[in-house]
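No experiment lies behind these values; they were computed from the predicted model shown. First the proteins, then the strands, lettered A, B, ... as listed; each starts at 1. Every heavy atom of this structure was used, including side-chain atoms; hydrogens, water molecules and symmetry mates were not.
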Amino acid sequence: MTDPAEPDLFRVPDLHEQERMVEAILFASAEPLGATQIEARMPRGSDVPEALAALARRYEGRGVVLMRLGEAWAFRTAPDLGHLMQREVVETRKLSRAAIETLAIIAYHQPVTRAEIEEIRGVALSRGTLDQLLELDWIRLGRRRMSPGRPVTFVVTPAFLDHFGLASARDLPGLADLRAAGLLDNRPLPGLGGGAGDDEAAEDPAVADDQADLFDV
Amino acid sequence: MTDPAEPDLFRVPDLHEQERMVEAILFASAEPLGATQIEARMPRGSDVPEALAALARRYEGRGVVLMRLGEAWAFRTAPDLGHLMQREVVETRKLSRAAIETLAIIAYHQPVTRAEIEEIRGVALSRGTLDQLLELDWIRLGRRRMSPGRPVTFVVTPAFLDHFGLASARDLPGLADLRAAGLLDNRPLPGLGGGAGDDEAAEDPAVADDQADLFDV
Amino acid sequence: MRGPHSPNCGRSGMAERAPSLFAEDRPAPERALIVDIEGFEGPLDLLLNLARTQKVDLRRLSILALAEQYLAFIEGIRAHRIELAADYLVMAAWLAYLKSRLLLPPDPAEEGPSSDEIAAHLAFQLERLEAMRQAAAALMARNRLGRDIFARGIPEAVESRRTLRWTAGLLDLMQGYARVRSRDAFRPYAFDRRDVCTMENALERMRAVLGTQIGWSRLEDFLPEEWRGDPRRRRSATAAHFAAALELTRQGRIGLRQSAPFAPIEIGPGAPR
């Protein structure tokens, strides 16, 4: 090697230079290095322990510290700055179709039982869907229905109203509004009094009252 | 976020502390990080450019230095100590003369079309050449030229700057002299008209803008 | 490089290549009779090498002399009966033409660029290629990452703590509800089992009753109590029981009679076999 950049190999560099060298070697190494391993890469006659000690002092209190790991040395992030190595990622995701529909049914039909939701959606409700909505604090348990089995009902929460910018559940657009907005076809649908699931509700005067509260303003 | 480990998020740490934080963040990353990436992990109200400047001063002349690479920053070993890191050297595939020349033409003339590269080299470009440079992530596709055929252009990447230790494409060696000598102009063959490459470029004001974007800031 | 070289100045090659971005990938066509003349990368590369032999600043290059050098070089190669790539020949023809123009006094009537302008452009191309080669060399001589300078060997990964935030807008809600309601309207017709009395049920019921039934009675009296109220349920049960009665009649277990159209249907003892 006659590289002019390497004259240092043949004279012992001063301690400051040795410190620079140890710093670069440790920085670039893919693993912690022991003093002898460092020595093997340094110019002959270098005092590696001395250079390591000087380097450790220099990094004291810095954002990165020179750590002794057993017999080996490595740079590591200062322990008090560990939180910088964590990134808070807030991922925004759209609610699933099942969750949206379930939420909509609860909002429009509240208080409504699980069986009624399934009846209206025409498919069984997975446990996760209600759990997710409960966890989001968008629905909560209402009073139990006074019917066989005394099933629990679900209603929407103030947090729901808040998220959707509604002053009250009454502000939800009615079916006529949905139809006017083109979201429903013009065919007269089995309205709130007619369709499946509403039958049960109709049998329950309490529900009918609730519905009236919600929609017939 | 009421994590007790992150009290710093609610007060702006002093500059010394900010410097430590930037140091830790940059030290931990093998890839260059942009100021905005760093800012995203720092307490609100931090002055990242100021901290970066202080950090760069602190590492001046050390075995590890803070390098500016395009819009990003990274700690790198000092260039004069490369010989100590022989073990870390990654053997890279030797680039062909065509690839090296093509890379230089893209760097100095960017954004540049394939036809323009061929015009300058006077020879057709083999697919492998561009592929190799794309694979190395040293070049990437730029926007299409607003000229007939809407040819794609090529530009160099941040990884190119990182590899060659360039603070920006403006720091390419000899760039100013080449420009002053008119050797980076797209000078069409007088009068022959209808040629490929340079004529298009000359008609396209966007090209001049591109060049300005890259170099004249 | 050995490819179908494009003539640099006569630009005919450009149009040919245009359809493919990466034209040289094609298998070498037969027309490319390639001779690697001492490793030159095409005519421009060869010209640049010849220009260097003039040992002058490229800007003060004698294009006339260069054209002569090139033509002599090509002649020499051809004397050895070596076939040349078309590019070299196109360049030779072009330079021969340029040379003749340079030797003649300028013709004021002639249109287009003067021979001096063309010569100057060729000189510019050579100078630019030379400059790019030097730039490439300067670039490669820089301190390079992974060879002269090094990144952190043990990068510390940034741990991501992910928080999911679920969102939905009022429109999603309305659309969701509309979807549910429309689905009702468009749902392919399927029996709603709750309101459907099956013939199997009716058969089972009637068989059970048959033992005790002796006289004639109306079909509707066979309907179970809970199926008589709601008209929909009543219709379904009536149909099921009628079908069951037909089946039992076929088997000879019961008899059926109706006094007049639309009169009540009556069930009684079957005709003995």
Side-chain angles (χ1 to χ4, degrees), chain B residues 27-31 41 67 74-79 82 85 88-90 92 95-98 100-101 103-105 107-108 114-115 118-128 130-131 149 152 162-166 172-175 178 181-184 187 189-192 194-197, chain C residues 1 3-9 11 13-15 17-18 21-25 41-45 47-48 87 111-114 117-118 120-122 124-125 127-158:
Chain B
F27 230 84
S29 172
E31 306 293 322
R41 289 165 58 185
M67 288 181 74
F75 277 115
R76 297 286 183 249
T77 59
M85 258 69 69
E88 260 70 56
V89 170
V90 193
T92 45
L95 285 177
S96 66
R97 175 174 151 187
I100 292 170
E101 279 182 26
L103 178 64
I105 290 167
Y108 284 81
R114 182 196 177 91
E118 293 180 331
E119 173 80 23
I120 293 169
R121 294 193 65 236
V123 68
L125 202 53
S126 81
R127 175 177 183 134
L130 285 175
D131 278 355
V152 295
D162 191 18
H163 184 89
F164 292 96
L166 292 162
L172 283 165
L175 183 76
L178 288 172
L183 290 170
L184 300 183
R187 201 179 294 175
L189 179 55
L192 274 195
Chain C
M1 163 146 344
H5 299 319
S6 76
N8 183 53
C9 297
R11 308 267 190 63
M14 295 294 183
R17 279 201 314 275
L21 183 62
F22 300 114
E24 229 187 329
D25 238 12
E41 277 200 75
L44 200 62
D45 189 25
L47 276 169
L48 185 56
D87 290 2
E111 301 220 335
S114 73
E117 283 170 331
I118 297 172
H121 186 69
L122 180 56
F124 166 74
Q125 285 181 300
E127 202 192 340
R128 184 174 60 179
L129 179 59
E130 175 77 0
M132 280 301 110
R133 294 210 164 140
Q134 282 166 5
L139 193 62
M140 299 314 279
R142 288 184 66 83
N143 286 321
R144 288 163 61 184
L145 187 68
R147 193 189 70 178
D148 310 294
I149 55 182
F150 298 85
R152 174 86 184 269
I154 319 174
E156 291 169 56
V158 176

For B/R76 and C/L145, indicate whether the former's side chain and the latter's backbone hold a donor-acceptor pair under 3.5 Å. no

What one should report as the nearest heavy-atom pair of B/A104 and C/A135 is CB-C, 4.4 Å

Atom group of B/A181 that falls short of 4.5 Å from chain C, counting heavy atoms: both

Between B/L183 and C/A131, which heavy-atom pair has the shortest distance, and what is it? CD1-CB, 3.6 Å

Mind listing the closest non-hydrogen atom pair of B/Y108 and B/L184 along with its distance? O-CD1, 3.8 Å

Picking from C/L48, C/I154, C/D45, C/L47, which has the most non-hydrogen pairs under 4.5 angstrom with chain B? C/D45

For B/F75, which atoms come within 4.5 Å of any heavy atom of chain C: side chain, backbone, both, or neither? backbone

Which atom pair, heavy atoms only, marks the closest approach of C/L129 to B/R121? CD1-CA, 3.9 Å

What part of C/R142 lies closer than 4.5 angstrom to a heavy atom of chain B: side chain, backbone, both or neither? side chain

What option among B/A28, B/A30, B/G82 has the most heavy-atom pairs under 4.5 Å with chain C? B/A28

Under a 4.5 Å cutoff for heavy-atom pairs, which residue among C/A120, C/A137, C/G146, C/A141 has the most contacts with chain B? C/G146

For C/A136 and B/I100, which heavy atoms make the closest approach, and how far apart are they? CB-CG2, 3.6 Å

B/I105 versus chain C, heavy atoms under 4.5 Å apart: side chain, backbone, both or neither? both

